[in-house]
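In what follows, a single structure is set out as structure tokens and then discussed.
Heavy atoms only: backbone and side chains are in, while hydrogens, waters and symmetry mates are out. Here is the naming used below: chain letters follow the sequence lines, and residue numbers restart at 1 for every chain.
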Number of protein chains: 2
Amino acid sequence: MEAAQKAFFDTYTDFQCFMIAQVNKGDFNGVGATHYNIVEYLYRNGPNTGKDLARKFHISAPAISRHVKFLLEKKLLAQKQTAEDRRAFLLEVTEKGKQLVNGSETQRHSVTTRISRQLPKKELEQFTRMLQKVVDILKQEGEN
Amino acid sequence: MEAAQKAFFDTYTDFQCFMIAQVNKGDFNGVGATHYNIVEYLYRNGPNTGKDLARKFHISAPAISRHVKFLLEKKLLAQKQTAEDRRAFLLEVTEKGKQLVNGSETQRHSVTTRISRQLPKKELEQFTRMLQKVVDILKQEGEN
DNA sequence: TGTGAATAGTTAACAAAGTTAATTAATTTT
DNA sequence: AAAATTAATTAACTTTGTTAACTATTCACA
């Protein structure tokens, strides 16, 4: 492996280790990371069915089903049967759910805030641009 | 939230979504992602103790203990008690373990290769430097 | 030098969150 | 109308993390 690529690989590995460790720690009074992500997604993208969520988050229907059940019990989501297909339910975020999203200091918030504080603004902007480029590359191939 | 920080937050969120979806898919004939990461880490960085691994991967000692037990059974690692401290064991990668690492195209490999190919070398180096800085920031606070 | 505190690792019991297989009810296809 | 497909659920299981309690060893120091 070429030197620049090796250096990148090592750093990326380090970063990934951190992220993995980090990502599974989002827990707001018993609302886990995936729970939260579902609520946030529905908040930002409007009502969707369970099937949609499974596709979006790349997890199985039963996994979504359990998450949704939990979120309904917590009154963070509400569901209503669709008229066109009575098997399907549109899930939408309740007021309480919206408050959760608005009030939550996620790890993502805390991490990005920490980084924003410690990098000079110019560098932060540059890093953001480059990270965006990387995300674009990753998405490109994700489409296949 | 300030504009530069908001832009960073959004991009980071995007990136994190991608990572979460990808990260847990590494499984080579029953050797899970964390198993593999441990073997690779020891291969690239030389023998380390369980304690070191727990620190490196940000997971608890018992979790490491179980992973190591599995990897010893699979003969991917070998251990030897250290002379200086008879509580501690140095873990090192066996030939079989090295073969696993050399023969595996991990997610991380494929991702970093894709990025390396599509970014001009100079940009890749720059991105690596900045990502390293970010990792350092994250590590700093991890120490508290 | 002996003792109490700290440390490396393990075991046990548990929790969270994913999986597949099977079931139900509704819809679509033939 | 019957057969196949689909959205959602339930049940049983797996993986992989956690904390608490334990053993064996080492360290600090009165």
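Applying the salt bridge (charged side-chain N to carboxylate O under 4.0 Å, His left out) test to residues at least two apart or on different chains, the pairs with a partner in residues 89-102 of chain B are B/Lys80-B/Glu92, B/Glu95-B/Lys98.
For the pair A/Val93 and A/Val101, the minimum side-chain heavy-atom distance is 4.5 Å or more.
Computed from coordinates, the B/Phe89 CZ to C/dT10 P distance equals 7 Å when rounded to whole Å. The separation between B/Lys51 atom NZ and C/dT10 atom C1' is 13 Å, rounded to whole Å. Atom CD1 in B/Ile64 sits about 18 Å away from atom P in C/dT7, given to the nearest Å. One interatomic measurement links the two molecules: CZ of A/Phe57 to C1' of C/dA17, which rounds to 14 Å at whole-angstrom precision.
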Kindly give the atom pairs (protein nitrogen or oxygen, nucleotide nitrogen or oxygen) under 3.5 Å for nucleotides 18-22 of chain C.
from	atom 1	to	atom 2	distance (Å)
C/dG18	OP1	A/Thr34	OG1	3.1
C/dG18	OP2	A/His67	NE2	2.2
C/dG18	N7	A/Arg66	NH1	3.2
C/dG18	N7	A/Arg66	NH2	3.3
C/dG18	O6	A/Arg66	NH2	2.6
C/dT19	OP2	A/Ser60	N	2.7
C/dT19	OP2	A/Ser60	OG	2.4

What are the atom names and distances for every N/O pair under 3.5 Å that joins the protein to nucleotides 24-29 of chain C?
from	atom 1	to	atom 2	distance (Å)
C/dA26	N3	A/Arg87	NH1	3.3
C/dT27	OP1	A/Arg86	N	3.0
C/dT27	OP2	A/Arg86	NH1	3.2

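Salt-bridge formation is detected for the pair A/Asp52/A/Arg55: a Lys NZ or Arg NE/NH1/NH2 atom is positioned less than 4.0 Å from an Asp or Glu carboxylate oxygen.
Classified by interplanar angle (parallel below 30°, tilted 30° to 60°, perpendicular above 60°), the ring pair A/Phe8/B/Phe127 is tilted. Ring geometry, A/Phe70 versus A/His35: the interplanar angle falls under 30°, so the pair is classed parallel (tilted spans 30 to 60°).
Side-chain atoms of A/Asn48 come within 3.5 Å of backbone N or O of A/Gly46 as a donor-acceptor pair.
Taken together through direct or relayed side-chain contacts under 4.5 Å among Ile, Leu, Val, Met, Phe, Trp and Tyr, A/Leu131 and B/Val135 form part of one hydrophobic cluster.
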